[in-house]
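Everything numeric here is computed off the predicted structure, so don't read it as measured data.
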Amino acid sequence: IKLCELNNVQQVEKLLSSDPSVNTSVVNQIGWSAFTVAIMTNNIELVKLLLNYGAKPNMSNDRQELEYAFEHKYIEMLSFLLGLPAYYKF
């Protein structure tokens with residue numbers, strides 16, 4: 001999660017490709033996953049990378065990620081997220 005907070009796509013990819021046991025769904029002390037952090041930093045490249053390695057969008061089953069992208073006018077991110085099956089119900 002720390003590498004996602006730093007927006008370090010290359011290091012995240014290196015970690016994920018070198019260690020298949022890395023859990024992309026783990027959450028930090030405040031309940032955010034790496035996927036959530038990537039959205040909050042508006043890093044669509046990182047979001048796509050995490051999805052490719054098994055990250056689960058909308059793990060908390062609420063609209064936190066969508067609302068954040070909307071409130072911060074992350075239009076490209078919002079458009080991408082709305083295209084994911086996990087968000088169809090919203």
TODO: Using the test side-chain hydrogen bond (donor to acceptor under 3.5 Å, both in side chains), find all partners of D19 that sit at least two apart in sequence or belong to another chain.
DONE: S21
Open item on the list: I'd like to know if V9 and V22 are part of one continuous hydrophobic network [Ile/Leu/Val/Met/Phe/Trp/Tyr, side-chain heavy atoms within less than 4.5 Å].
Closed with: yes
- [ ] Step through the shown structure and confirm whether more than 12 heavy atoms of other residues, nucleotides or ligands are within 6.0 Å of OH on Y68.
- [x] yes
Task: Distance (rounded to the nearest 0.5 Å) between N23 CG and K56 NZ - done: 9.0 Å
Open item on the list: Is there a side-chain contact between V12 and C4 in this structure, where contact means two heavy atoms from C-beta onward sitting under 4.5 Å apart?
Closed with: yes
Open item on the list: Please say yes or no: joined through hydrophobic side-chain contacts below 4.5 Å, possibly via intermediate residues, are L84 and Y74 part of one cluster?
Closed with: yes
Task: Partners meeting salt bridge (charged side-chain N to carboxylate O under 4.0 Å, His left out) with E5 (sequence neighbours left out) - done: K2
Open item on the list: For A69 versus L81, what's the shortest heavy-atom pair and its separation?
Closed with: CB-CD1, 4.3 Å
Side chains of residues 36-54: which donor-acceptor partners sit under 3.5 Å, not counting sequence neighbours?
| residue | atom | partner | partner atom | Å |
| --- | --- | --- | --- | --- |
| T36 | OG1 | S33 | OG | 3.2 |
| T36 | OG1 | E65 | OE2 | 2.6 |
| T41 | OG1 | N7 | OD1 | 3.1 |
| T41 | OG1 | V37 | O | 3.1 |
| T41 | OG1 | A38 | O | 3.1 |
| N43 | OD1 | E45 | N | 3.3 |
| N43 | OD1 | L46 | N | 3.0 |
| N43 | ND2 | N7 | OD1 | 2.8 |
| N52 | ND2 | K48 | O | 3.4 |

- [ ] Quick one: pull up CG in N8 and CG in L3 and give me the separation to the nearest 0.5 Å.
- [x] 5.5 Å
- [ ] Keeping the roles fixed (side chain from S18, backbone from K14), state whether a donor-acceptor pair exists under 3.5 Å.
- [x] yes
